[in-house]
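Presented below is the structure to which this report refers.
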Amino acid sequence: MGRLGKIAIVILGVVCLSGAFLLGASTFWDEMLRGSAAQPVWPWRLPEMPPEFTAEYRQLIEGVSADVRQVMQVYPNDPDAISALGLLHYLVHDREAEVACWNHCLTVDPRHELAYSRLVASAQQDADYERIVSLMHRALASDPDNPSYGGILGSALMYLNRYQEARDVLEGQLHAGHATADAYHVLGEVCNQMDQLQQARRYFQAAVVLGPRRPDSLFGLMKVYAKLGQADLAADCRKRFQEIKASQLQSEMGRDNTREGLRDAIYAPTQAGEILTYVGKAYRAHGDLTAATRCLEKAASLSADAVECRELLSELAQERQRPQEALRWVGELKRLQPENRLHYRNEGILYARMGNEAEAERVFRDICRLEPARAFGYAALADLFLRQERNLTEARSLAERAVELEPVAPHWALLASIARKSGDEQTARKALEQAAAAGSAPASARANYESAAK
Amino acid sequence: MNQQQSNVRPAVRWSVGLVFWGLVALVAISLGSALMLLRPTPARDVPATIAPPTNETIRPGGVNLSDITAESGVRFKHTCGGSGQMYIMEAMSAGLATFDYDGDGLLDIYFLNGRPLRGSDASQRPRNALYRNEGNWRFSDVTEQAGVGDAGYGLGVAVADFDNDGDADLYVNNFGPKVLYRNNGDGTFTEVTSEVGIEAGNDVGAGACFLDMDADGSVDLYSANYVQFSYERHPNRVIGGFRRAPSPLDFQTSTSHMYRNNADGTFADVGRESGIGLHAGKGMGTVCTDHDGDGDTDLFVCNDVMANFFFENDGQGRFQEVGTLIGVAYDYWGKANGSMGVDCADIDNDGWFDFFMTDYQAELPCLYRNLRNGMYEDVALNSGTAKACMPHVNWGAAFLDVDCDGDRDLYVAHGHLEPLIHLIDSATAYRLPNTLFLNDGTGHFTDVSLVSGSGMLPVASSRGVCADDLDNDGDQDLVVLNQDDPPTLIRNDTVHDYHWLQVRLVGTRSGRDGIGARVTVVTEDRAQIDEVRSGRGYQSHFGTRLHFGLGARDRVDRLEVRWVGGKTEVYRNIPADRCLTCVEGQGM
C-alpha cells in the first residue's frame, strides 16, 4: 500500500471515530436534556416563592408545581402545559415569567385566547396601551372573527386618543356582524370624544338596548343627552343609572366580609385546580389518559365547584370505558349546574350505554318535563326508544315534537328512522328530504335516503 | 522488523494520536456543557422601589426643583403607628398644612402624625409637629412652645381664623377625638374643641374645610369622616399568599359634620339642617369653591369607592348633593373610583374652576373640566395625566404655577398602601417618585418629572402635598408628607424672566382671612381666577396666600376681589412681583 493509501486510511479512521464520538455525545446529552428540569427546550422555569408567602399558600403552590414541572418536562411546547405554567407564575406574582410563558404559547398556538387575555391584562397593569394595540392586531391577524379582540383594540386606541382608528376598528366589527354591547359602548365613547354627539347618542342607545343594566352606557348616554341639551332624557338616564349604582353599592356593602377574608382559602385552591385542569388537558391531548385523570381528579378535589375538570373527567371515564365512573362525575355536574340540562342528557346516555334503560328513560323524561320548550330531551328519549325498538308510537310523537321545536338535520333524521322502523316509508322519505335540506345531515341519514330513493 | 512493519508504525501512531486528541476535545465540550447546565437559575429581581432617574438624565433649563430637606432643619418623621395588622387608617396616613401661624409673613409648616395603634409599641409617643419658618429655608420645631403637639392619630387638617381675631387657627381631623386649636396671637395655641362646641368624636376623620357657608362673615367648618371602624371588626385579608390591606368596601359609610360658626367663638352642629348630614359616605379629600359663580361656597367631597359628593350651597348654608347631576360623582366611565384627594383651579383660564382628583391604582385620575353650564366632564383621558398616574395609588394633588407662565401646573403624590406590593405587582411600588405635570395653557399636561431637578428625585410613599411660596421669592415651593418617612421639602429654583403677583386678603365684614373670596387678575392677554380656600388636596391645607404667574406681563391691568357675600372691589394698574394685601373696604 502506497503512502497516499495509508494516509487515506488514517484520515478515514479519524473521521469515523470522530463521527462516532460526536454521535454518541449528542445522543447522551439529548437524553440528559429530556430527563433534567434544568435543561428545557425553551428556557422555562418554575416560579420561586417569596419567603413572605403564608405557609398554606406556599404548600398549595408547591403541590401544584410538581405536576406542572412533570408535564413541562414531557411536553414543553404543549399550549395547555404552557398555560398551566403561566397561570402558576401568575399565582406567584412573577409577571415577567408569566408573560414569557404567554409569549411562547403564542409562538406555538397563534390563536391562543388565554395567552392574549393574560398579555392584555399585564399590559393594562402598566397602562401600556401601545402594547395592547400591537397584541390585538396580532390576535386579529390570526383570528379575525373573534369579536372580543376588536373591542379590546378599540378601547386601547381610545386610551391613546386615536379615536378615528378606534372607530374604524369597532365599526368594522359591527359590519362583520359582531354587534355587542361592548362594541357599541366604546363607539359611543369614541364619538363623544370626537364631539359627534348624535352618533354617540345612537351608539349608546344601542349599547343600552343590548345591555339595559349597563351603568357605563347609561352614564355615557346621560352625558350626551346633557350635551345635546335634552335635559329630560338626561334626567331619565341619570335616574336609571343611579338606581343601578345604588343596587350595586347595596350588594357591595352587603358582601360577606368573612368570605372575603378567607379569599386565599376559598379561591386559591380553585385557581390551583384550574392549573391542574390545564395539566390534565395537556396529558389528554397526548394520549396519557391515566396521568390526565390523576391531575383532573386532583383539580376536582381542590375545588368543589369547578365544572371543567369534572366535564373532562366524565369524558375521560367514557374513553376509558368506565361508565360508572363517568356517571359519578355527571352526577357532580348536575349538582353544580342543576339548570344545565345537558348534564341530564349525558347521564341518560350513560345509563343507556350501561343497559339501564329504566334509569335512562327516567332521566330523559325529566328533561322533557324540565325543559318542555327545548328539543334535546324529546330527541334523546325518542332515540332511546328507537334503539330499544319499543314505544315507537310515542317515539314518533317525541321526534315530531323535537323537529317542531328545532328543525335541524339530526332531528329530521331521527324522525325518518323511527318512521321507517314503524313501516311508514312515505314519512321516512319526506323526513330524510328535510334532513338533507336542513344542512349537514348525518351520513347514516344520507345512506337511508339514497336507499329509500332507489 | 521488516519493511511492511516499519511502514505501518507511523500510520498507527497518527491514528492513535488523532483519536486521543478527538477524545480530549470531546471531554472538553462535555465539561463546558455541564458547567452551563449547572449554572444557577437567576432569582427574581424585584425592586422594592421604582428607582428615580439619575442626575445624568436631567437636562438643565426648564423647571428646576431642589430637594432641600436635609438642610432645612426639619427632623419630623411620620409614623402610621402600625403593628402589621394593616388597620385602614394606616394606609391613609395624613395631610399637612402650610400657613403663617405667627403673622411674620413667612409660611410655616404643620405636619400631622399617627400614633401607636392597637398591637404596636405604645411607648412611642409621636405627635404632630409645627415648624416655624425662620427664613432662608431654615425651619425650627416650635411644637412644644406653640402647644399644638397633638398626640392623636392625625389624618386631615384645615386652617382659618375662625374667631376673626387676626390669626390663623388650626383644626385637626383625627382618628379619634378631633382637635381645634385657637391661635392666641402670641405664638401659642389653646385647645378649645369642646369649649366651642365641636364634637370630639371617635370617628375616622379625613379632610376638613373652613368655609363661610352663609356669608355671615364667620367661617364654618366641614369635617369629613371616612368609614366606621372598630378594632374588633377589623377584617383580616390574606390574598395571593400575602397579608393585604382591607378595602373601603369592608366598612360601612359614615356621616360627616357641618358646624356653623355662631360668630361668638362657638359652633353648632348643623349636619342635618344643612343637608350635609343626610348623606353618608367615605369622605377623604375635600375642597371648597364657588363652582357656579353665584357668590356662595360649594363643597366637593371625595368618597372612597363611592360616588363623590358635591354639595351645592343655596347661599344660606343649606346644601343639596348634586354630584351625579353635575358630573363629578364618577369617572369618565361612570365608575366610582377610590377617590383620594382633590384640588381646584382654572386649568384653561376660561374663567371657570375645574377639579383634579386622585384615585387608586389602575384607575384613571379624574380631571373634571367645567363646561360652564353648571356641569362638568371628566377629560382625564385627553389630559396627559393618565399614563403617569394609572399604575400607582395617588394621593395628594396641588395645582401651582411652577414656572410663573400664567397657567396652573400640577403636582401629584404617589405611594402604595402595602410595603410588599412589589412582590405582588411589578407595575408599581410602595415608594415612588412623585410627578410634576406642566400645563400647556389649554388644560393639557405633560409629565416633566425627569427634567425638573433633584426635587423630583425623592422616592417615598407620599400622601399630603402643599404648594406655597415658602421663601417669598415669588414662586411656589412644595412640601410633601411621606408615610413612615421624613417629609420632602422642595424649593422652586426655576430660573425665568417671568413675573408674578401674590395676593393676601384681609376681610373686615367677610371672614378675616378672606376664605371663599375670589380674586380675578387681568393682564393684557388673559384673566386668571383663584379663590382663598381652607382645606384642599389630600386632607391638607395650603395656598391661603394666592399666587398668580403673569408670564411676560410686568403689571396687572385689573385685579378684582369678590368677597363672600358678593361685594366686589377692583384695583387697577398694579406692578408685578410683589405680595399685595387687600383689606376689605380699605384698599391695598
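Lettering follows sequence order; numbering is per chain, from 1.
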If you count heavy-atom pairs under 4.5 Å with chain A, which of [options] comes out on top?
options	result
Val305(B), Thr324(B), Thr253(B)	Thr324(B)
Met375(B), Met306(B), Glu377(B), Gln361(B)	Glu377(B)
Arg243(B), Arg244(B), Met390(B), Lys335(B)	Met390(B)
Ala336(B), Ala362(B), Gly334(B)	Gly334(B)

Does [X] reach the main-chain N or O of [Y] with its side chain, forming a donor-acceptor pair under 3.5 Å?
X	Y	value
Asp348(B)	Gly443(B)	no
His234(B)	Gln85(B)	yes
Lys282(B)	Phe251(B)	yes
Arg240(A)	Arg213(A)	no

Check your understanding: Does a side chain donor of either Asn382(B) or Tyr163(A) reach within less than 3.5 Å of an acceptor in the other side chain?
Key ->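 Judged by distance alone, the side chains do pair up.
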Give, as side chain, backbone, both or neither, the part of [X] having an atom under 4.5 angstrom from any heavy atom of chain B.
X	answer
Phe53(A)	both
Ala226(A)	side chain
Met158(A)	both

**Study point:** Which of Gln248(A), Lys227(A), Met222(A) touches chain B most, by non-hydrogen pairs under 4.5 Å
**Key:**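 So the answer, after comparing Gln248(A), Lys227(A), Met222(A), is Lys227(A).
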